[in-house]
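Reviewing the structure listed below.
Throughout, a chain's letter reflects where its sequence line sits, starting with A, and its residues are numbered from 1.
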Amino acid sequence: MAQTFTIDPVTRLEGHGRITLKTNDAGEVSEAFFSVTQVRGFEKFCEGRPFYEMPALMARICGICPVSHLIASAKACEAIMSVNIPPTAAKLRRALNLAQTIQSHALSFFYLASPDLLLGMDADPADRNIFGVVKTHPELGRAGVGLRRFGQHMIELLGRKRIHPGWVVAGGVTEPLDAVKRDEILALVPEAYANATMALAAYKQIAGRFQDEVESFANFPSLFLGMVSEGGRLEFSDAKLRMIDAEGLVLVDNLDAAQFDQLIGEAVEPYSYMKFPYLKSLGYPRGTYRVGPLARLNIASHTGTPLADAELNEFKKLAKGPVLGSFHYHHARLIEILHGIEAIEQILSDSSILDKHVRATAGVNRQEGAGIAEAPRGTLMHHYKVDENGLMKWANLVIATGQNNNAMNKGVLQVAQRFVKGDKLTDGMMNRVEAVIRTFDPCLSCSTHAFGQMPLVCELLAPDGTILDELRRS
Amino acid sequence: MTRAAKAQPAGQPRRTLLLACGNTFRGDDGVGWCIGGAVEQQLHHAGLTVVLTRQLLPEHAEAVSATDIVIFVDCSAVAPAGTVSTIPIQPAESVSHALTHHLDPGSLLRLAHELYARTPAHAVAITVGGESFELTDRLSRTVKSAVPKALEAVRSALCGPPIPETTAQVC
């Protein structure tokens, strides 16, 4: 008898979501939907505000990746101002964005994902959390806390606040870096290296235990999108877009922010407030793609930092072309942490980093502007239109998590077909269905501008829509 | 077994960490920051570090483990408005929820123990009962008038072992 399962809320995510699984008459999962049932509306309530307020306002979308919103928003404003920011300001923003990537990836890997990886997908849910990890693997617990603290402390040193720093503005940053702060950050780098390399070694030791998950966690051919600098180097702040296909063929290259909306369309589905971006030339849903750490490492030829380059070379040996299994997002995240530490050390060791000229000023010189940055979860796009006085008329935000939306749905279906059997949900089944979403580290409050809490519900539905089983987590 | 942080050598001031918590944009929830700021300005206590934070985080565990006394200062959403309470804190017996972004004081002590095998010799929470949590950066009159009493409680906590649980209604 056909049924529908619902997992609501999905736990250990940034935000809250709902999963519905439908089974056919043979009792096999035939459809899966990952729904985000909340909306906030930043795109709408910014209308009428001065454009230069946008970085500070838009950063409030998220408490985990506000820096990426700050940078993408500031770049959209700078397109409206038609200015190039001072080189030192660009370097400082790069360093800030990398610091955020490190702390966000550390949160994702150590706090949210490592309980599954270290304690097992079928471990007692009461223990399957960071405290369980700390008890059994205290050195990795300390490494995770240490990496998160490194990134957050650096954000606080540069931007005066760990969350929602007001330092990044249209035109650059509000104040230069001083030598005391630079030296304090550089003094923390050796410990950060030690933590990152320990985590990578530990991950590689345990990854082999998850062959089923590697094969079934959103493992399918898709397009990949991300930013790379000239020569194909991994870059998070100032570069252009590249898209490749599942064979590694470059479909789009050297695309700047202003062209983004010519390339990407946004579809909607009735079951979710999260949008479904896709490559216009292929249409929806064929043109859906993946972003984030896995995509970035697939599209980049190198990272530009020696330790991460060695890890990237090893990573690329996981497949003959692009690495398609989303389980490998975890691995990619750890490589990006290592790269971030190396890149921060490089940037802060540059003699020009203490330069005092860090802000350009201008008024409204164009009435439309777009900015792109790589957020921890993938490419982030802010696109604004203003009137002649610089008041916001329109905004469109294309968020990383949304760009992975279709892949997450396909991943949920793939995992459910592999692990959900019969007409009852078990905790192990449910956790794998959730865990495939966790590989993407979605930020649902970013993607929908969500407000408040939405618990995870998983429903099992019969073909006629009757709820046969339901599990809830708050 | 929990081990107290290694004591400072004789003659050295005891290391004290004051973690002032709250959201300054939600009315009385900002009283922790108000008290923390006043402690920094008015109580020049050797060995004292004041940290203003919106939430207690796992990242605070190392600092907590390396101190002799930890004082948590926060608003209470359940205590009567303006009530100042000093509450001894023990490490939580167990923490079963999926920790991500925030902790309660007992869980933070527990995490400090689990991660670094140390907890402070003394830990107290000094709370002020809140009246209004609306969107404002101002304290209610009732809570504002309780700040001197809370500062006295902090002063007591700084000077000696934690005070047994007391509750004092603001006059």
Subject >> For B:E134, all residues meeting side-chain contact (heavy atoms from CB on, under 4.5 Å), sequence neighbours excluded >> reply: B:S132

Original post:
If you measure from CG on A:L107 to CG on B:L57, what distance do you get to the nearest 0.5 Å?
Top reply: 10.0 Å

Original post:
Per the side chain to side chain contact (heavy atoms under 4.5 Å, CB included) rule, which among A:Q152, A:H153, A:Q103 passes with B:E59?
Top reply: A:Q152

Original post:
Can you tell me how far CZ of A:R149 sits from CD of B:E62, rounded to the nearest 0.5 angstrom?
Top reply: 4.0 Å

Original post:
Where do A:F131 and B:S107 come nearest, in terms of heavy atoms and distance?
Top reply: CZ-O, 3.8 Å

**OP:** Any chance you could measure A:E139, atom CD, to B:L115, atom CG, to the nearest 0.5 Å?
**Re:** 10.5 Å

**OP:** Count the heavy atoms belonging to other residues, nucleotides or ligands that lie under 6.0 Å from CD of B:Q90, then report whether that count exceeds 12.
**Re:** no

Original post:
Has A:K181 got more than 12 heavy atoms of other residues, nucleotides or ligands less than 6.0 Å from its NZ?
Top reply: yes

**OP:** Can you sort out the partners of A:K44 under side-chain contact (heavy atoms from CB on, under 4.5 Å), two or more places apart, ordered by chain and number?
**Re:** A:E47

